[in-house]
Asker: 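Structure incoming, see below.
In what follows, chains carry the letters A, B, and so on, assigned in the order in which the sequence lines appear, proteins first and then strands, with residues in each chain numbered from 1. Any value given below was found using the heavy atoms of this structure, including those in side chains, with hydrogens, waters and symmetry copies removed.
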Amino acid sequence: MSRVIAAVDDSAQALAVVRTGEAVASLCGSTLEVVHVCAGEDDTAPAGLASGGHEVRLLRGLGSRAIAEAAADRDVAAVIVGTGRARPAEAFVGSCAQQVITAVPVPVVVVPAHARAPTTIRRILIPLDGTRASSDALRRAMELSAQADVRLIALHVHTDASLPMFSDQPHHEVRAWSAEFIRRHALPMSAESPLRLRVGQAGTEVLAAAVQEGADLIVLGWRQDLSAGRAAVVRSTVLGATVPVLLIPTQREAQNHYPVVNTRGRAAAAAPYPASRPESR
Amino acid sequence: MAASLAPSHSRRAVRCAVALPAPIARRFEAIVFDWDGTAVPDRQADAAPVRALVEEACALGMDLAIVSGTHVRNVDGQLAARPTGPGRLLLCLNRGSEVFAVGRGGPRLVHRRIATHQEDAALTAAAELTVQRLADRGVGAVIVSQRLNRRKIDLIPEPAWAEPPKARIGELLDAVERRLRARGVRSLRGAVEIARRAAADVGLPDARVTSDVKHVEIGLTDKSDSGAWVVSDLWSRGVAPDLVLVAGDEMGELGGLPGSDSLMLVTEAPGVTALSVGVEPRGVPAHVIHIRGGPAAFLGVLEDQVKRRKRGDVPRVTADPTWSLHITGVDDRLERAHESLLCVADGRLGSNGAPLVAHPAAAPSVVLAGAYEGDGADIALVACPRWNRLAGGLSAPATLHRTLDLRTGLIHHRWDASMGRVEAVAFSSLVRPATAVLRVSGVGGPRPEVLPLSTDDQAASSPRSNDLRWITSEASAGAGQVVASAVTRATGPVAVERLAVYALQSDASQAASRLRSGRRAGFERLLVEQRMAWAKRWASADIVIEGDDALQQAVRLGLSTLMASAADVGEAAVGARGLTGEAYRGHVFWDTDVFVLPFLAATHPAAARAVLEYRVRRLPAALAAARARGRSGARFPWESAADGGDVTPHWGSDRLGNATRIRTGEMEEHIVADVAWAAACYQGWTGDPMFAGGPGRVLLVETARYWASRIEADSNGRGHIRQVIGPDEYHEEVDDNAFTNVMARWNLRTAADAAATSVPAAERRRWLGIADSLVDGYDEATGLYEQFAGFQRLEPLIIRDLTPQRPVAATMLLGAERVAGAQVIKQADVLMLHHMVPDEVAPGSLVANLDFYEPRTAHGSSLSPGIHAGLFARAGRLADALAALRLTARIDIDDLSESSAGGLHLGAMGSLWQALVLGFCGVRPQGDALRIDPHLPAEWSALEVRLRFRASNVRMRIESSKLTVWATPPAKIVWDESVVEVDAMGHQFGMAERKS
């Protein structure tokens, strides 16, 4: 049986991390192991460490490295961490959490500072932006929850610039568009599955959708890249979510293969209609 | 790669083994060839081997044309071929002046250039003057014979050169030029120049002056006329130039003159493959393939063609990018959209262009028009069993090449499988609708395996004996159930053919006989039929845009899709995506009546009639729907499918997942007038008296009765139509929508006029009174129609200024609630009146309403840009017109809606045709005449349109300075408020001379 590791510290978030760990372990059909990283020579857990009644395994070493080493075992299905204290202005999680989410090769559930810890996970929101990362995340989430009675809610956020041009008869169009979106991005779901659509800034809309849909967990695929300009949705979601956020690492997106079509026209299509249609469409 | 041909059985004596170079080691669909020196060594030679091959090639579907300077007795007497088809044998004789079609009964004259007396006399004078001028220089030359439309002058009337064989042409040239030079004429070319000047001096500036070295000939025609005639004839049979081989023995220059056979390579036929089997003492041009060997080599080529057909070689399709759509590889993202674009259909059966072998990104689809399953709003097209599936897969997606030939409705597939390359061609027979044909051949590998008919992959493993048996779709039993059957047979060592038929279960016996007759006809005959049928459609529908190849391709894609979407017998249920996909469930909307039907009425009236028949047969349901609402007459449904009941759902979800009430079925009642308008549109183009006096009148009358019962009078006696949705579906439950009201008014008036003998006068007077009472929102002060009561009080939001990106689904951008409270329009609404019923709106009101409403239009419907393109053109705003037109043309080809995977936007394609014909050409039926008022963008050098008006085939060509119109039989044209009768000789109108 696989394990879910909940890494706790002595902060107030520890109990939420453990409770989230319990829910995630139940979702995955795994056992939960609560771990604490001991600094220095100390070999006892701090007094009052919230473990939710679970036995705490003590890890030695540098916090994030010790967690990463523990997560390297083949039977580890996921790691649960709290956000910790984010000190630099640009940081959205504490340094330990940041090192864990960027280094650990397994899914990491981040429990935001103000998140409610779910007792069970029944509704999972999966934002899909058409990238391979998001498709992989959906696939992984489905694998993780294969045995559970859980509802996956797929979401796509249109920005103003990516709004569809036409919506002839919306009730037919939504069905056709959604089915094609699912196929186009090779999503592991039925083409008939409902796809929630929203318009606006992705980060904002993901949070709003999580509330509206009563999600217990948000799943995001990402490439563990926090360099400038990257992972905007991950940052804003972890910062603002009121439920845990499951980050699923994926490989870098392969180059899209476009076939050669002898239409002479993609350039022609970019011609402005009347006068002001941007070429980016 | 070269194919080695060995001589066979009785022909061994005349055939030589020839290694064919790669460019001609392929299947051609037609061969045009010279006779003397190419097919036979001389006119005394035994032509039996040629005869046998010619008859065999024609029987296998190949078209052949023999080009010669001599007359029919000579060639037919020597060849004596009597082919029985399906391929055709033409004799293009008398150096371009005559064409004979040869059949079982011998040659039949199909074309002759008849000289006038003046031309005949001038030819004689030109020949005599040439002989005189040569004599003046000391060259003795004689006029040896008078042939049809030409005079022949012997430059070397010496016994030693009386009958020079072709093989000695080099020696002959030397002898002739020696003789000429000795008397001061520098070359053979000089002698030709003397003849040309003589012809010009006697009034024949365009004389064709040619030489076969021994003679100079002055004529009205030459082999280029034969070449042009044959190319045109082949084109009318659906054979494109790049599928044609032109063979001769004099392609290279001789004596400074182009080889006589090179004249067959006319500019009208770019892309033909040229072959010379002659001696060619001065070589051949780079584009000509030269294999020595004379007639024996040519017979080797002909025999190779016969062999290829017998072994089942797959025919090619044109590579002309303005007539084809080619897709290389498989893009996982766009594959389904590409499959829609590559659909082959015949008006009844539609099969998308999915790879023939399994691929995870593919979504194969086969649908039969009118075959629905399910109930109520859930009713949808039946997913039919697939006929076009092969075992195996692609070795690499990049090796897949698919080409849709827009001119013939053929799709060609080529890919590398694990066992070698595979080629296939498939089509849905326009001549035998709901009959699908496939030929597939392994190239360097084993024969591919065609899988049995099936609806799913699991059934693919069922035994092949499934063939020859009926299989039934998985749809629940009932009228919508589809039956299908197929026969599959091996052709040669590596090829296999499949013929499949589909039908509603109630028509199964008819389908069985279709299967038997298709089987008897065989692949090659079915192919010839298909090409000819499509060519015939194009002959009255093509649009040529000179100066924009990308637009040209997209327009032809649109036209071919429209042509393939409607049957031309019985009824045609044309859904919003036609036969190209399963989206919109095959439901029939106003798209069909208003956007698709005009194209059909003006190009193939039988199909338009079938579209109307769909409505006629559902009139009882429309009458019942009106009755159920306490109304009179007929109320057609917004969404229609099998039985004519309304299949519009009542609830759905919008793009944001919000549950929304769908009110179009309840309120979008303009569909009632749209159906009537479609009937009148068909009537306007065709003048069909049977329809006008029968079902057409019934449609007009019953729809008028509906409006008469639907319109409410207020206390002032003004008529109103309340609680409707206009074409602008962003605003629901509005009162007095201008479009609905004016269309209803038009409906009442038109019916009153059409039903003078069938409806009591009192009822008709009542209709006219109601029509006159109807408010239409027109404000004389501003020249504007108010889109509906209260529109001007809405938030004056101008979407053009709000967002740089139109078209846009405005309800998503701004939210449905805000849009409903603002002057943001989904698509042309008031402006649809100017488009559809220009005589029913205030004269001169187009520009004011275009200026007001277009900036407020989001164009969130794919039906909108095309209509605006036409209106902009009529208003003379050609830059905006062109931008809107190009956008419309790219909707599917670039998948702008990201939903082309579910099928192509048939309505938008119809609007594209309307923009070009009604807008840019300014064409509109006006009684028994056709009004033309063209507008040509500076970017185009010419716009040419073909259509049918009443009984005439009309062709019009618009250039910057003139309009030329041809009509066969003659037709009346309204030009600049004058009526002119135009015939096949054509009539020119000066664009600058227009007064109005």
Asker: Fit a plane to each ring of B:H587 and A:H172, take the angle between them on a 0 to 90° scale, and name the class: parallel (under 30°), tilted (30 to 60°) or perpendicular (over 60°).
Answerer: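 If you compare the ring of B:H587 with that of A:H172, the planes turn out perpendicular.
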Asker: Non-hydrogen atoms of chain A under 4.5 Å away: do they reach the side chain of B:L882, the backbone, both or neither?
Answerer: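 For B:L882, there is no contact with chain A at all, as no heavy atom is under 4.5 Å.
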Asker: Can you see which heavy atom on B:W638 is nearest to which on A:Q169, and at what distance?
Answerer: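 Heavy atoms of B:W638 and A:Q169 come nearest at NE1-OE1, 3.3 Å.
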Asker: List the residues meeting side-chain contact (heavy atoms from CB on, under 4.5 Å) with A:V243, not counting sequence neighbours, and say none if there are none.
Answerer: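 side-chain contact (heavy atoms from CB on, under 4.5 Å) list for A:V243, sorted by chain: A:R116, A:I218.
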Asker: Which one of B:F589, B:W651, B:Y584 has the most heavy-atom pairs closer than 4.5 Å to chain A?
Answerer: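 Option with the greatest count: B:Y584.
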Asker: Got a second to check how far B:R661's CZ is from A:H171's NE2, nearest 0.5 Å?
Answerer: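 B:R661 atom CZ to A:H171 atom NE2 measures 14.0 Å (nearest 0.5 Å).
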Asker: Rounded to the nearest 0.5 Å, what separation is found between the CG atom of B:D591 and the CG atom of A:D168?
Answerer: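 Here the rounded value is 7.0 Å.
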Asker: Are more than 12 heavy atoms from other residues, nucleotides or ligands located less than 6.0 Å from atom CD of A:Q201?
Answerer: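 Open.
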Asker: Could you tell me whether A:R184 and B:D895 make a salt bridge, using a distance below 4.0 angstrom between a side-chain N and a carboxylate O?
Answerer: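 B:D895 and A:R184: salt-bridged.
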Asker: Against chain A, work out which of B:G581, B:S862, B:A583, B:A361 has the most heavy-atom pairs shorter than 4.5 Å and name it.
Answerer: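 Maximum pair count with chain A is reached by B:S862.
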Asker: First locate atom CE of A:M165, then atom CD1 of B:I891, and finally report the distance between them rounded to the nearest 0.5 Å.
Answerer: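 So the CE of A:M165 and the CD1 of B:I891 are separated by 8.5 Å.
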Asker: Using heavy-atom distances under 4.5 Å, tell me whether B:I662 contacts chain A through its side chain, its backbone, both, or neither.
Answerer: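 The answer is the side chain of B:I662.
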Asker: Atom CZ in A:F166, atom NZ in B:K826: separation rounded to 0.5 Å?
Answerer: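 Here the interatomic distance stands at 11.5 Å.
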Asker: Please state whether the side chain, the backbone, both or neither of B:Q827 comes within less than 4.5 Å of a heavy atom of chain A.
Answerer: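 When you check distances to chain A, no heavy atom of B:Q827 falls under 4.5 Å.
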Asker: Quick test of your reading of the model: are A:R183 and B:E898 salt-bridged, counting only N-O distances below 4.0 Å?
Answerer: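 Judged by the 4.0 Å cut-off on N to carboxylate O distance, A:R183 and B:E898 do not form a salt bridge.
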Asker: Hey, mind stepping through B:L813 and A:D160 against side-chain contact (heavy atoms from CB on, under 4.5 Å) and telling me if it holds?
Answerer: CA-CA 7 Å; B:L813 182 70; A:D160 284 358; 3.9 Å; yes
Asker: Please walk me through it: do B:S899 and A:E180 pass side chain to side chain donor-acceptor pair (under 3.5 Å)?
Answerer: CA-CA 7 Å; B:S899 66; A:E180 175 56 14; over 6 Å; no
